[in-house]
Asker: 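If you scroll down you'll find the structure; I have some questions about it.
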Amino acid sequence: MMIQFKKHLKSILLLSLPILILSVIGYQKLTSQKVLWIGVYTGSSWDVPSGQENTLLDDVIRRFEAEHPSVTVKYESGITKEDYSGWLADHIVQGTQPDVFIVPENDFNLLASTGSLSNLENKINNSIDTNRYYTASYEAGEYNNIPYALPFESNPTLMCINRDLLESEGIAIPQSGWTVDEFFQLCQQLTKDTDGDGIIDQYGTVGYTWQNAMAANGLSLFLNDGGQVNINTTPIRDVLNWYHELEKLSGNVSLSSSDFDKGKVAFMPMTLAEYRTYKPYPYHVSKYSSFSWSCIEMPSKSSIKTTEMKTSLFGISSQTSQANLAWEFLQMLSSDEKTQQSLFAQSQGASVIKSVMTSQKSSEILQNDTFGTTALSSKTLNQILESAQTSPNFRSYNNVIEKADYLISQSLAKDSIDSDLGNIQEELELELRK
């Protein structure tokens, strides 16, 4: 009886052993699985309609998990861009921030200066050729000349042109390299009363700002990386007075983008994301279907970097416990050509990688819209991205530039810019020191 029991027990153990081994392996795999948490918001970074949601991110995650079987990448879906900054701030305060996250618009300087972002200098020096990036795109992620984030997508400002309006006036369409003086002369020529009732009903430009004029002349309100305000100077006074004369061409009429939509205005600055969103069907039909239009680079004083551009950034939490995995994932988002090519195809902005924007695929993407022969070419777009400049990165920049915009706009409205610049300088210096 004892011998039979032992044989039966041995049979059970032999049968159970494979199951036990598989269970142990499964448990070990489960307990060794690492989780990488990503912080993102839903939709476009550029406040234009987007039907892609997080399609690109999901694809990157699948590729990353395939290369790292022991890693699960997760993110919380449904967070809007408007709510994202508060959502991230709450997690940072609680110490539960994502390992890798898109940096909220206007929050980069604050996050870098308060130690919430990892210093990426050593990792970049060891593994990335930064010359692959457009200069302004890469510099957008630097704070005090130290990289704390990598660029993901850029959105330069272009000049949109109502081609039909210019052609009806017998005016040649401006070409790349046009100057601010040519721009002013064209606006002067195009602003007029077209029906003889004594009221101006056709205009040169709308939406062109004093900041556009500053960029066109290669000027900045700040020196020493934001350490000093630089506004009460002759060059800036001259540019602001030039801009004020441009404003006066339209008389006392307050114009908006809807006037361009109606075909009444020749020129309007527009971001690349707006261009790419509102030209193809169906948005084209609801927005700009009544006239032919195209975009070129912004006018400038000379061959200086004058294109204003915004860049979305991804950074790594300084508190992450998965630093190496986070860095690999960040590289797949920012410097991987497959990701960046898909981004240009699916999104509305531009890739931050030069080779992507000059590729045949990118050229075909730009041509395959309703522009036809007047489409923005990849060559022109590459030139625009090469000539771009990024906003200064210092902690109080957003507050100072917001105050500068208010004070300068008020002064221009009162026609007192010459006498106001000294006081504006003092007020901005106070704001800078806060």
Asker: Could you tell me which residues satisfy side-chain hydrogen bond (donor to acceptor under 3.5 Å, both in side chains) with Thr205, sequence neighbours excluded, listed by chain and number?
Answerer: none

Asker: Quick one: closest heavy-atom pair of Leu56 and Gln346, and the distance?
Answerer: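 So the minimum-distance heavy-atom pair works out to N-OE1, 3.5 Å.
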
Asker: Is it true that the NZ or CZ of Arg276 lies under 6.0 Å from the centre of Phe344's six-membered ring and within 45 degrees of the ring axis?
Answerer: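 Yes, Arg276 lies over the aromatic ring of Phe344.
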
Asker: Where is the tightest heavy-atom contact between Phe260 and Cys160, given as atom of each residue plus distance?
Answerer: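 Taking every non-hydrogen atom into account, CZ-CB, 4.0 Å.
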
Asker: Is any side-chain N of the basic residue among Asp201 and Lys264 closer than 4.0 Å to the acidic one's carboxylate O?
Answerer: no

Asker: Which heavy atom of Pro269 sits nearest a heavy atom of Thr157, and at what distance?
Answerer: CB-CG2, 4.0 Å

Asker: Salt bridge or not between Lys81 and Asp47? Use side-chain N to carboxylate O under 4.0 Å.
Answerer: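 Between Asp47 and Lys81 there is a salt bridge, with a charged N closer than 4.0 Å to a carboxylate O.
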
Asker: How about NZ on Lys248, more than 12 heavy atoms from neighbouring residues, nucleotides or ligands closer than 6.0 Å, or not?
Answerer: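 Check passes, neighbour count above 12.
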
Asker: For Met309 and Ser154, work out which heavy atoms get closest and say how close.
Answerer: SD-CB, 3.6 Å

Asker: For Lys301, is there an ion pair with Asp181 - N to carboxylate O distance below 4.0 angstrom?
Answerer: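 No, this pair does not count.
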
Asker: Tell me if the CD atom of Glu169 is crowded by more than 12 foreign heavy atoms within 6.0 Å.
Answerer: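 Buried by this count: over 12 neighbours within 6.0 Å.
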
Asker: Specify the closest pair of heavy atoms between Ser377 and Leu366, including all atoms of both residues, with the distance to one decimal.
Answerer: C-CD1, 3.8 Å

Asker: I need the single residue from Glu337, Gln340, Gln341 that forms a side-chain contact (heavy atoms from CB on, under 4.5 Å) with Ser355. Which is it?
Answerer: Glu337

Asker: Verify whether one side chain among Trp210 and Asp405 offers a donor that lies under 3.5 Å from an acceptor in the other.
Answerer: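 Per modelled atom types, Trp210 and Asp405 side chains form a pair under 3.5 Å.
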
Asker: Out of Ser45, Ser347, Ser137, Ser351, which residue meets the side chain to side chain donor-acceptor pair (under 3.5 Å) rule with Glu153?
Answerer: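 So, applying the side chain to side chain donor-acceptor pair (under 3.5 Å) to Glu153 and each of Ser45, Ser347, Ser137, Ser351, only Ser347 qualifies.
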
Asker: What is the minimum heavy-atom distance between Leu330 and Phe314, and which atoms define it?
Answerer: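 Shortest heavy-atom separation between Leu330 and Phe314 comes out as CD1-CB, 3.4 Å.
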
Asker: When the aromatic ring centroids of Phe267 and Phe183 are compared, is their separation below 6.0 Å?
Answerer: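 Ring-ring flag for Phe267/Phe183: true, centres closer than 6.0 Å.
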
Asker: In terms of ring plane angle, is the pair Phe394 and Tyr397 parallel, tilted or perpendicular, where the classes change at 30° and 60°?
Answerer: perpendicular

